[in-house]
Amino acid sequence: MAKPRVLSGIQPTADSFHLGNYLGAVRQWVSLQDSHDAFYCVVDLHAMTLPYDPAALRRRTRVAAAQLLAAGLDPQRCTVFVQSHVAEHAELAWILSCLTGFGEASRMVQFKDKSAKAGADSTTVGLFTYPVLQAADILLYQTDQVPVGEDQRQHLELTRDLAQRFNHRFGTAFVIPGPYIVADVARIADLAEPSVKMSKSASSPQGIIDVLEEPATIRRKIMRAVTDADGEIRADEEAKPGVTNLLRIYAALTGAPVSELAERYAGAGYGAFKKDLAEVVVDALAPIRERTAELLADEAKLDELLAVGAARARAVAQQTMTQVRDLSGLLARG
């Protein structure tokens with residue numbers, strides 16, 4: 001029996017993934033490559049929707065790919081590639097954009113949030129059509145399941161709508177993808193502002209732990225993480241969001257239940273707890289940081305791995321697009 005196909009992507013918009021990326025997404029991708037036919041891409045085209053530096057984009061694309069491989073994605077067990085290396089992403093996005101209503105695109109919550117921050121004059125058409133390109137990413141590979149968090153559910157619903165619309169109007173070309181819900185994924189909050197999710201766009205440098213960060217910096221950030229005044233180590237989202245976030249990180253990296261950790265550190269004080277947590281984080285991230293550096297030290301070999309992944313992805317994408325072009329009424333290529 002064929003494994004269900006799963007696809008997910010990550011943007012190369014920073015010099016390192018952060019701990020929330022790793023625990024909330026990448027670590028799950030590693031486990032999925034055994035149970036699924038897994039496709040993972042560095043979505044560099046999506047990273048162009050906001051102002052960017054070309055040299056930084058090129059560098060960060062390699063850094064993102066290296067981190068995925070260093071974290072445990074195995075090119076023998078999954079397909080790892082760069083989005084722009086498969087031209088069919090952009091071609092399918094155009095066809096789907098011609099099926100997307102202006103109103104439904106303008107209702108996308110992420111677009112409304114980002115455009116409100118940037119202002120109308122700085123908001124690009126690319127940002128507006130971002131969800132359509134995301135739909136193309138998914139549908140191109142006949143994806144059965146898509147790992148999604150709450151912030152991406154609306155985009156997946158648009159993807160499903162567009163697939164059904166195309167299939168109904170022109171003939172069946174696409175699998176209708178469903179969500180892959182990962183149980184018990186840790187929601188990692190900002191260390192300095194634990195009421196919000198850890199995020200490159202919203203967090204201050206003190207609030208983020210980067211996967212590639214030096215151990216001394218990680219230790220310093222954890223020791224300075226916001227807690228509260230009573231000194232009691234227990235989980236309480238409302239009364240103790242900072243302590244709860246630290247317990248959640250500890251539990252996610254060690255597998256120990258939060259309740260067990262709270263009992264273990266009862267009466268120990270925040271200092272001892274944070275010191276131990278810092279070592280847990282450093283030990284967990286050190287192999288990824290070291291392996292990433294090794295991969296980046298040989299760019300030719302890294303690029304070769306990505307080329308192999310792109311060729312594998314392109315074979316699937318081209319098969320989909322041959323059918324889509326035919327059903328859409330486009331002339332066959334000579």
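Proximity of the aromatic rings of Phe81 and Tyr141 is defined here by a centroid distance below 6.0 angstrom, and this criterion is met.
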* To do: In sequence, state the C-alpha distance, the side-chain angles, and the governing distance for Ile249 and Ile188, and then conclude on side-chain contact (heavy atoms from CB on, under 4.5 Å).
  => CA-CA 7 Å; Ile249 293 170; Ile188 305 305; 3.7 Å; yes
* For side-chain hydrogen bond (donor to acceptor under 3.5 Å, both in side chains), just list the numbers for Asp276 and Tyr265, CA-CA rounded to whole Å, side-chain angles, deciding distance to a tenth of an Å, and then say yes or no. => CA-CA 10 Å; Asp276 288 352; Tyr265 285 97; 2.6 Å; yes
* So Asp210 and Tyr22, side-chain hydrogen bond (donor to acceptor under 3.5 Å, both in side chains) or not? Walk me through it. -> CA-CA 9 Å; Asp210 281 331; Tyr22 174 64; over 6 Å; no
* Stepwise, does the side-chain hydrogen bond (donor to acceptor under 3.5 Å, both in side chains) test hold for Gln83 with Asp137? -> CA-CA 8 Å; Gln83 181 188 30; Asp137 300 337; 3.0 Å; yes
* To do: Take Asp228 and Tyr270 through the test side-chain hydrogen bond (donor to acceptor under 3.5 Å, both in side chains) and record every step on the way to the result.
  => CA-CA 9 Å; Asp228 51 52; Tyr270 292 152; 2.5 Å; yes
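Taking CD1 of Ile233 as the start and CG of Leu277 as the end, the distance is 10.0 Å to the nearest 0.5 Å.
In this structure, Leu45 is not a member of the same hydrophobic cluster as Val80, with clusters built from ILVMFWY side-chain heavy atoms closer than 4.5 Å. When the side chains of ILVMFWY residues are joined at heavy-atom separations under 4.5 Å, either directly or via intervening members, Leu92 and Val175 end up in two distinct hydrophobic clusters.
When Arg5, Gln145, Lys3 are each tested for a side chain to side chain donor-acceptor pair (under 3.5 Å) with His36, only one passes: Gln145.
Remark: Glu213 does not engage Arg289 in a salt bridge, criterion side-chain N to carboxylate O under 4.0 Å. Using a 4.0 Å cut-off between charged side-chain N and carboxylate O, Arg59 and Asp15 make a salt bridge. The pair Arg234-Asp236 meets the salt-bridge criterion, since a charged nitrogen lies less than 4.0 angstrom from a carboxylate oxygen.
Residues passing the side-chain hydrogen bond (donor to acceptor under 3.5 Å, both in side chains) test with Glu91, sequence neighbours excluded: Arg325, Arg333.
Contact of the Leu261 side chain with the Ser259 side chain is not registered, since no non-hydrogen atoms from C-beta on lie closer than 4.5 Å.
The local environment of CD in Glu294 is crowded, with over 12 non-hydrogen atoms from other residues, nucleotides or ligands closer than 6.0 Å. Within 6.0 Å of the NZ atom in Lys275, the count of heavy atoms belonging to other residues, nucleotides or ligands does not exceed 12. Heavy-atom contacts from other residues, nucleotides or ligands closer than 6.0 Å to CD of Glu104 number more than 12. Open room surrounds CD on Gln319; 12 or fewer heavy atoms of other groups in view lie less than 6.0 Å from it.
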